[in-house]
There are 2 protein chains.
Amino acid sequence: MSATIKDIAKLAGVSHTTVSRALNNSPLIQEETKERIRIIAEQLDYTPNYNAKSLVLDRSYNLGLFFTTLSNGTSAGFFYEAIRGVNSVIRDRYQLIVKGIDDYTSFHSITKKSFDGIIIVSQSDDDGPIIEHIANKGIPLVVLNRPVDTAGVLNVLSDEEQGAFHAGCYLVNQGHKKIALIEGRKGFKSAQNRKDGFERAMGHYGISVPAAYRMPGLYDLESGHTAMQHFLSLEERPTAVFCCNDEMALGAIKAVFEAGLQVPKDISVVGFDDTVFAAYVTPALTTVRRPIEQISKEGALRLLGNIENKLHTTEQLLLRTELIVRESVQLLQP
Amino acid sequence: MSATIKDIAKLAGVSHTTVSRALNNSPLIQEETKERIRIIAEQLDYTPNYNAKSLVLDRSYNLGLFFTTLSNGTSAGFFYEAIRGVNSVIRDRYQLIVKGIDDYTSFHSITKKSFDGIIIVSQSDDDGPIIEHIANKGIPLVVLNRPVDTAGVLNVLSDEEQGAFHAGCYLVNQGHKKIALIEGRKGFKSAQNRKDGFERAMGHYGISVPAAYRMPGLYDLESGHTAMQHFLSLEERPTAVFCCNDEMALGAIKAVFEAGLQVPKDISVVGFDDTVFAAYVTPALTTVRRPIEQISKEGALRLLGNIENKLHTTEQLLLRTELIVRESVQLLQP
DNA sequence: CACATCTATGCACACGTTAACAATAGTCTT
DNA sequence: AAGACTATTGTTAACGTGTGCATAGATGTG
C-alpha cells in the first residue's frame, strides 16, 4: 500500500539503513546521497509509519489533555481556552489526545508507552488518584488550575483566592455591607479558593455574612438563578452578591429582572472567570479574569521542556488574576 | 521496564504466542491455561504496547476530530458540544485526537496508518482540500455540520436553511415588516444557509429587505454590536433583527440598551444556535436550536459503523432544527 | 610503503505483537 | 489397530523503523 523506506532503498539502490539515516538527516550520509533519497521519497509520497517509529524509539508522539469531566461541570469557555492554549504551543510536534478523567474505568492503559506527557486540567480533588498514577509511572506531567504538591509534577494555576479577595474588597469599598455569596460546585477546588478569598475580604473589613446570605451552587446558570431567588425572598435583602462564576452570575441577574428589580440599581452582582459574554450582557458584568489560555500555554511549554530535557522538575507557577470592573456593581452612598 | 508478553511467557512456562492468544481470549487456548496467564499478567501489571499492536494489526486506535479552526471563529459552546457528543460515543475504544485544520501546513502526515477514522466538523468551504485528501487516502470519514457530496463520505448536519426560514416566518407572523439581517462570517457555509433561509421567508411573504437592513458579521459579539449600532442610526429603524448566531444577537441587544432603548419593546431580536446562555440573558433570547451534540453523536456512531464493517457508505443525514420562542420578540399590533 | 584514520555504507538484530504453519498428543472411526 | 481428526501449544516470520558493529574504500602519516 503505502511506501516504506525499503521501497525507497530499492529504487535508490542502497540499503534501508541508509534511507533511514538520510531521511533523519544523519551526518553519516553523504549530502549527495541524501538528496537523491529525498527526491525519491517525495515521488513515492512517503510518510513514515509512526507506529513503527514509536515502537523502536519508545516515544508515542502523544500528549494527553485530560479534564476532570467532559460530561458535566466543565464550562464550555474554559474548555475551549484550555485546548486553544495547549494547541498553540504544541503545533505539529505532538498529537493532542483529549479525554475526560471520569471516562476512565481504569488507569491501567495510561502508560509511558502511550503518552510522552500529560496535561491535567484539574477542577476537583477527585483527580488525586490519576495524578498519583501518572506520577508513579514516571510520565512527565503538568497539573493546571489546581494546586498539587506531588514531587516531580509541574503545576500552573491562577491565584483565585487573591482574585476573590479583591472582588470582595471592591464590593466593600463601593459601600456594600450586606453581601451574599453563591458558592461554586462542591468538591471543586476553585469553589473552595474563591469562597476563601471572599471570606478573607469580609473578615478583613469585619463584615459578617449570615447563613441566609450563603447559598450553594453548581457553576451553572440554573443554580445561580435559584440562589438569587432565595436572596430576593429574604426580609432583609443583600445589596450585593458575589457569584463564584459568571454563569451563575448570569442566572442570578436573570432572577433579579424577573422579580421586577434592576441590576445594579437594586442589587449588585459580581462574577468570576470573565467569560466571553461577560462584557456583552446587560448590565456588563464586573468579574474576575483568570488567564486560562496563558495558564495552559505556560503549562504546555514547561511540560515540553521537561519531556525534551528528560527532567522531572517540581515547579509551581502562580499567575495573577485581575478584577475587571464593568457595570454590575452600584456605588452606595453612605 | 514494563512487562511484555514474553516476560509472562517465561513465568507461565509457555511460548509468547500462547500468551498473546490467551490475553486475546482466543478459543484455541485451554480455559485453564488462559486463567493462569491472566493471573500472571495481572501480577506483572501488564499493559499491551499499542504501538506494537498497531504495527502488526494495521490499526492506530486513533480517531481524528478536526475543526476548521481552533484559533478563531469557532464558538466555545459549539466546540464543547461537538467534543462531548463524539466522546460519549467512542468511550475507551479509540483515542480522540483534536486538531484545527488551519494548523496543518501539509496534510502529508494524515494517513491510513495514523487514523482509523476522521470526523471533520466543518464550518467553511475551505475545508474542501482536506476532505479530498482524506477521502483519497481511503480513510473512513464523516463530515459534520456542512453539506458535502464526495463519494464514500458520511455527512450529518442540521437543516439550517429551514431553521432560518422558520425564524423569518415567525417574525412576520408576529407582525413585523421592517426586518433587518446581521449575516454570519463570510466563507462559512452556515452563514450562507442561514441567510438563504431568511431570504426565502421574506420572499415567501413578499417582504423586501433593503441594503441598509443588511449588515455583515463575524459571528462574534463585537460585530453584532456594531451592526446594531448601524441599524439604530437609520432614519427608519427596523422593528426586528435576525442575527445569524446568538453571540451576535447578544452584542446587538447590548447596543440597543446602550442607546437607551429596550428589547423587545423597541426592537425585536432573534438569534441562532441556542447557546447555553440564550435562556439566561435579559430578555431571554428567541433563537433557533440546532442539535450539535446529537449531530456529533450520530456522526461518530455512523463512522464507527463504517470502520468496523469496512464500509464506505455515502450517506447524508439531515437533522431538524427547532425554533425556541422566548422573550426577545415583540408581538406588533397592526 | 605499511599502517592508522576517516568516511560512507551495509548487515543483522531489536522493539512487542500477531498469525500462518508445524508439531504433538489424545480421541474417534471403522 | 491404523488412519483421520481434534485440541492445544510451539516455531518462525512479519509489520516498519532505528542502531551497534562490521566493512570497504579513501586519505593521511611517518
Side-chain angles (χ1 to χ4, degrees), chain A residues 1-38 40-41 44-62 95 108-116 137, chain B residues 1-38 40-41 44-62 95 108-116 137:
Chain A
M1 190 73 188
S2 45
T4 72
I5 52 171
K6 290 187 183 172
D7 299 326
I8 300 177
K10 263 186 205 149
L11 286 174
V14 297
S15 76
H16 77 274
T17 306
T18 302
V19 176
S20 170
R21 292 197 177 112
L23 295 177
N24 287 317
N25 201 21
S26 155
L28 292 176
I29 304 295
Q30 217 176 355
E31 200 51 54
E32 191 185 345
T33 316
K34 281 186 192 172
E35 196 48 33
R36 205 172 79 241
I37 289 175
R38 282 197 200 107
I40 298 178
L44 293 186
D45 189 29
Y46 168 77
T47 318
N49 182 323
Y50 277 87
N51 291 315
K53 267 179 117 95
S54 294
L55 184 57
V56 57
L57 293 181
D58 210 30
R59 292 191 42 197
S60 65
Y61 301 93
N62 285 339
Q95 311 234 55
H108 194 243
S109 62
I110 305 176
T111 71
K112 233 180 148 143
K113 306 275 180 194
S114 40
F115 293 101
D116 287 348
K137 291 268 180 183
Chain B
M1 186 76 191
S2 44
T4 71
I5 52 171
K6 290 186 184 172
D7 300 325
I8 301 178
K10 264 186 204 147
L11 286 175
V14 297
S15 76
H16 73 276
T17 308
T18 301
V19 175
S20 169
R21 291 197 179 112
L23 295 177
N24 287 316
N25 201 21
S26 153
L28 290 178
I29 305 295
Q30 217 176 353
E31 198 52 51
E32 191 185 344
T33 317
K34 281 187 193 172
E35 197 48 33
R36 203 174 78 240
I37 290 175
R38 281 198 201 106
I40 298 178
L44 294 186
D45 190 28
Y46 167 79
T47 318
N49 182 322
Y50 276 89
N51 291 314
K53 265 178 119 99
S54 294
L55 185 57
V56 58
L57 292 181
D58 210 29
R59 292 191 42 195
S60 64
Y61 300 93
N62 286 340
Q95 312 232 57
H108 193 243
S109 62
I110 306 176
T111 69
K112 233 180 147 139
K113 306 276 180 194
S114 39
F115 293 100
D116 287 348
K137 291 269 181 182

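On a predicted model such as this, the values are computed, not experimentally measured, just so you know. Residue numbers begin at 1 in each chain, while the letters A, B, ... track the order of the sequences.
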Looking only at the side chain of B:Leu28 (C-beta and beyond, no hydrogens), which of the listed nucleotides C:dC21, C:dT18, D:dT8 gets closest?
D:dT8
Using atom OH of B:Tyr50 as one end and atom C1' of C:dG16 as the other, report the distance to the nearest whole Å.
13 Å
Between B:Val56 and B:Gln30, which residue's closest nucleotide on DNA chain D lies nearer the 5′ terminus?
B:Gln30
Please report the distance, rounded to the nearest Å, between CD1 in A:Ile29 and C1' in C:dT7.
10 Å
Separation of D:dT17 atom C1' from B:Leu55 atom CG, nearest Å, is 8 Å
Nearest-angstrom distance from the residue atom CG of B:Asn25 to C1' of C:dT17
17 Å
Looking at C:dT17, I'd like to know if its phosphate oxygens (OP1 or OP2) sit under 4.0 Å from a side-chain N or O belonging to B:Ser20.
no
A side-chain contact here means heavy atoms from C-beta on lying under 4.5 Å apart; do B:Arg21 and B:Ile37 qualify?
no
When rounded to whole Å, the NZ to P distance for the pair B:Lys6 and D:dA13 reads 13 Å
Taking C-beta and beyond as the side chain, do A:Lys53 and A:Tyr61 meet within less than 4.5 Å on heavy atoms?
yes
Just checking A:Asn51: base, sugar-phosphate only, or nothing, at a heavy-atom cut-off of under 4.0 Å?
nothing
Can you check the B:Arg59 CZ to C:dT18 P distance for me, whole Å?
12 Å
Consider the side chain of B:Leu57, meaning its heavy atoms from C-beta on, and name the nucleotide among D:dG16, C:dT18, D:dG10 that approaches it most closely.
C:dT18
Nearest whole Å is fine: how far is C:dT17 P from A:Asp58 CG?
12 Å
Decide yes or no for B:Val14 and B:Arg36: does some side-chain heavy atom of the first lie under 4.5 Å from some side-chain heavy atom of the second?
yes
So, is B:Lys53 close to the C:dG16 phosphate, meaning a side-chain N or O under 4.0 Å from OP1 or OP2?
no
Side-chain contact, heavy-atom cut-off 4.5 Å: B:Tyr46 with B:Ile5?
yes
Does B:Arg21 or B:Ile5 map to a spot on DNA chain C nearer the 5' end, using the closest nucleotide for each?
B:Ile5
Interatomic distance where CD1 belongs to A:Ile8 and C1' belongs to C:dT9 [whole Å]
17 Å
Under the criterion side-chain hydrogen bond (donor to acceptor under 3.5 Å, both in side chains), I'd like the reasoning laid out for B:Ser15 against B:Thr18: C-alpha separation, chi angles, the key distance, then a yes or no.
CA-CA 5 Å; B:Ser15 76; B:Thr18 301; 3.3 Å; yes
Near DNA chain C, which residues from residues 10-17 of chain A have a heavy atom under 4.0 Å away?
A:Gly13, A:Val14, A:Ser15, A:His16, A:Thr17
With the side chain counted from C-beta on, respond yes when B:Asp7 and B:His16 share a heavy-atom pair under 4.5 Å apart, and no when they do not.
no
A side-chain contact here means heavy atoms from C-beta on lying under 4.5 Å apart; do A:Glu31 and A:Lys34 qualify?
yes
What nucleotide, of D:dT9, C:dT17, D:dG16, holds the atom closest to the side chain of B:Thr33?
D:dT9
The side chain of B:Tyr46 lies closest to which of these nucleotides: C:dT9, C:dT17, C:dA14?
C:dT17
